[in-house]
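Reviewing the structure listed below.
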Number of protein chains: 2
Amino acid sequence: MDTPEYPAIDREALTRRLRTHGVTPTSQRLDIARELFEKPAHFSAEDVYERVNGVEAAVSKATIYNTLGLFVAKGLLRQVFVEPGKVIYDTNLDDHDHFYDEDSGTLIDIGSVGIAAAALPPLPSGTALDRVDVIVRIRRSQP
Amino acid sequence: MDTPEYPAIDREALTRRLRTHGVTPTSQRLDIARELFEKPAHFSAEDVYERVNGVEAAVSKATIYNTLGLFVAKGLLRQVFVEPGKVIYDTNLDDHDHFYDEDSGTLIDIGSVGIAAAALPPLPSGTALDRVDVIVRIRRSQP
DNA sequence: TATAGACTTAGAATAATTCTAGGTCTAACC
DNA sequence: GGTTAGACCTAGAATTATTCTAAGTCTATA
């Protein structure tokens with residue numbers, strides 16, 4: 001099986017991507033987007049901060065958080081909650097679920113487990129379904 | 001439909017319950033257990049702190065956290081992660097899932113959505129299934 | 001090119017949780 | 001019944017992830 005290649009995305013493409021989602025493409029946002037959207041991946045805010053600032057740019061932590069929050073609000077990113085005090089940002093926007101390795105803290109995309117809305121009990125009145133999060137927690141089995 | 005009654009649990013019963021799970025029943029642990037196991041419910045650590053100390057006892061925050069952690073490790077409680085920086089403790093140990101109302105922050109037990117192990121992709125080698133968390137996120141639908 | 005509003009920043013502030021170090025309790029044994 | 005090792009509890013400090021604040025900078029548009 002070939003490892004897929006993810007060619008560097010040029011600023012034009014990123015700029016379009018942000019604009020399409022109603023996000024004004026500032027220089028900091030493009031720096032962040034370049035790291036995020038290179039290939040499908042999972043990031044903590046700290047990861048993003050380190051990767052963005054490891055290269056050359058200098059983007060403040062406040063801007064990292066503001067931007068990640070904005071990208072989530074605009075549908076460019078998804079948040080996954082697996083542990084207290086740690087948000088993971090997922091650039092894969094397809095309908096999918098996750099394995100979470102509790103020993104290593106690794107998150108792995110899996111296809112959608114596919115829970116039919118019909119399989120759910122009736123929603124409380126006055127509410128609507130937002131989405132269903134499925135996290136399959138796994139552990140290193142002792143040999 | 002009758003509202004079920006949950007008679008006060010006596011110390012004897014609580015003591016047995018803790019011992020059965022390998023937890024030494026100290027006075028603070030019993031104070032905490034009394035609040036937790038009165039009826040099936042969801043609590044934040046802060047909720048437990050307030051309820052335990054609202055009555056008469058004086059249990060420190062460190063002990064609240066230590067005890068909740070111990071109860072989870074010993075299988076007396078379950079943790080649910082719905083938002084960053086907020087753990088919810090669930091005294092319902094039956095196999096079940098949750099509605100999470102994102103507008104009010106309320107967690108509601110629902111029956112198990114029931115994902116067959118066969119519905120999952122193969123687990124990474126060397127790992128074993130711990131459990132599957134399903135959170136059905138709902139929102140107040142605007143009228 | 002003036003300007004309003006959006007954006008960014010350093011650093012302070014907050015919230016939830018964990019750690020530390022010392023004191024207290026307890027259960028098992030002499 | 002007293003000793004004692006180890007488990008337990010505590011106040012408060014420390015940590016971690018995140019948000020807020022206030023002031024400066026940029027930018028699109030008039």
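All chains are named by letter (A, B, ...) in the order of the sequence lines, taking the proteins before the strands, and each is independently numbered beginning at 1. Values reported hereafter were calculated over all heavy atoms of this structure, with side chains retained and with hydrogens, waters and symmetry mates removed.
When every heavy atom of A/A58 is checked against every heavy atom of A/N53, the shortest pair comes out as CA-OD1, 3.1 Å. A pairwise comparison of heavy atoms in B/R19 and B/P25 identifies NH1-CD, 3.4 Å as the closest pair.
Of the charged side-chain nitrogens involved, at least one lies within less than 4.0 Å of a carboxylate oxygen, so that B/R139 and B/D103 count as a salt-bridged pair.
Figure legend: B/R17 and B/F37 shown as a cation-pi pair, the cationic atom lying under 6.0 angstrom from the six-membered ring centre and within 45 degrees of its axis.
For A/Q28, the listed nucleotide lying nearest its side chain is C/dT9; candidates were D/dT10, C/dT9, D/dC8.
A straight line from CG of B/D31 to C1' of D/dC9 spans 13 Å, rounded to a whole angstrom. If you take CG of B/L30 and P of D/dC8, they are 13 Å apart, rounded to a whole angstrom. Across the protein-nucleic acid pair, A/I64 atom CD1 and D/dT18 atom P stand 12 Å apart, rounded to whole Å. Look at CD on A/E50: it is 11 Å from P on D/dA17, rounded to the nearest Å. Rounding to whole angstrom units, CG of residue B/L18 and P of D/dC8 are separated by 12 Å.
Listed by residue number, the members of residues 68-83 of chain A with any heavy atom below 4.0 angstrom from DNA chain D form an empty set.
Between C/dT8 and A/T63, no contact under 4.0 Å exists linking OP1 or OP2 to a side-chain N or O.
One side chain, A/H96 or A/D90, offers a donor N or O that lies under 3.5 Å from an acceptor on the other.
Among the candidates A/T91, A/I32, A/I88, the single residue satisfying the side-chain contact (heavy atoms from CB on, under 4.5 Å) test with A/F43 is A/T91.
Contacts classified as side-chain hydrogen bond (donor to acceptor under 3.5 Å, both in side chains) and involving residues 61-70 of chain B (residues at least two apart or in different chains) are given here: B/E46-B/K61, B/S60-B/T63.
With contacts defined as side-chain heavy-atom distances shorter than 4.5 Å, the pair B/H42/B/I108 does not qualify.
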Notebook entry, point to check: Can you give one letter per nucleotide of nucleotides 14-28 of chain C, 5' to 3': B if a protein heavy atom sits under 4.0 Å from the base, S if only from the sugar-phosphate, - if neither?
Noted result: --SBBB---------

